[in-house]
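One structure below.
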Amino acid sequence: MNNLTPEQRSKVQTLVSIVNIKDAAAISLLKDGRWDVQVAVNNFYSGGSNTVSSAPQPKSAPVDKKKIEKIFDDFKDDQDHILIEGMEKFCVALDVDPTDVVMLVMAWHLKAEQMCEFKRAGFIQGWADFKCDTLEKMKAGVETMRQELKNDATFKEVYHFAFTFGLGENQKSLPLDVALPFWSLLLPDRFPRLEMWVDFVQNKYGRSISKDTWYLLLDFVNQVDAQFSNYDDEGAWPVLIDDFVEYGRTTLDQD
């Protein structure tokens, strides 16, 4: 591990957490997979055992898009869409709860444009890019997606994607009945004042959320401490966040 770069060490820990193997085995798999975590996961499961052979691992086989298309056809609700019923069946096949935050990551990878819908082209290309052409590989891919949320840059992309993903037809602002559940999915491990924020937005604000506010809330979460002591009152924050900080400080003083 000492000879690895910080990025490589991070990938080793990610692979270890996904497939529960020792560091040395993870390093071997990652080297054979050219340090691509998903290739390493696929190679691990293609071996059909919980240990890694001492023999060199095979390079990842080309992705078979026809297999992915067959999986899409198994769950489709019409010719070119997986909708609510098919989505539920697909989640069962992957052993994942439809309300799990990882489904947002999946929707981002599969270029989904709205909730409860995967289109044929996005589904096939998205899983091909992720190097998964069987349900077993997709199950492993789900765990890789979950680990991706630990990467700040990927998390930011998924968080930004969630805004557009949650919009209804002709909507420019995110309805609260969508924004609040999304925040509850995405921010519990990042925002110590999430419960206070949800209570404030729901009971004191009560309106839809603009794109600017949605984006800047993540900056606020990343920059401002739980006591709001380093919040710049003269900064270019949205009015909603200004009002929340005032409310939060008052609430904390009362406690």
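All values below come from the heavy atoms of this structure, side chains included, with hydrogens, waters and symmetry mates left out.
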Sidechain N-carboxylate O distance under 4.0 Å for K137, D133: yes
Near-ring test F90/F123, centroid separation under 6.0 angstrom: yes
Pairwise distance CG(L15) to CH2(W35) - rounded to 0.5 angstrom: 9.5 Å
Residues D152 and K156 bridged, charged N to O under 4.0 Å: no
R120 side-chain N/O to Q79 backbone N/O, donor-acceptor pair under 3.5 Å: yes
D100 side chain vs V96 backbone, donor-acceptor pair below 3.5 Å: no
Aromatic ring proximity, centroids under 6.0 angstrom, F220 and Y215: no
F228 and V224, any side-chain heavy atoms less than 4.5 Å apart: yes
Salt bridge present between K131 and D36 (N-O < 4.0 angstrom): yes
Closest approach of V102 to V142 (non-hydrogen atoms, all atoms of both residues): CG2-O, 3.4 Å
Same cluster (ILVMFWY, side-chain, under 4.5 Å), L252 and F191: yes
Carboxylate-amine/guanidinium proximity below 4.0 Å for K204 and D199: no
Residues Y205 and D243: side-chain donor-acceptor under 3.5 angstrom: no
Lys/Arg N to Asp/Glu carboxylate O, K70 vs D73, below 4.0 Å: no
No-hydrogen, no-angle side-chain donor-acceptor test under 3.5 Å, W197 and Y247: no
Aromatic plane relationship, F163 with W214 - under 30° parallel, 30 to 60° tilted, over 60° perpendicular: tilted
Heavy-atom pair with the smallest gap, counting every atom of L194 and S184: CD2-CA, 4.2 Å
Distance (rounded to the nearest 0.5 Å) between N170 CG and K172 NZ: 9.5 Å
Distance (rounded to the nearest 0.5 Å) between F165 CZ and E113 CD: 10.5 Å
Test: K65 and E69 ion pair at under 4.0 Å: no
Side chain to side chain, D97 and C91, heavy atoms closer than 4.5 Å: no
4.5 Å side-chain heavy-atom contact, D23 and Q13: yes
Residues, nucleotides or ligands: over 12 heavy atoms within 6.0 Å of Q171 CD: yes
D77 (side chain) donor-acceptor with G86 (main chain) under 3.5 angstrom: yes
Between CE on residue M145 and CE on residue M103, distance to nearest 0.5 Å: 9.0 Å
Pair K11 + E7: basic N to acidic O under 4.0 Å: yes
Ring centers of Y231, W237 separated by less than 6.0 Å: yes
N230 CG: over 12 foreign heavy atoms closer than 6.0 Å: yes
Closest non-hydrogen atom pair between V16 and A26, with its separation: CG2-CB, 3.8 Å
D233 with R249: basic N within carboxylate O range, under 4.0 Å: yes
CD/E195: more than 12 non-hydrogen atoms of other groups inside 6.0 Å: no
Distance in Å, D225 CG paired with R193 CZ, rounded so as to fall on 0.5 Å steps: 9.0 Å
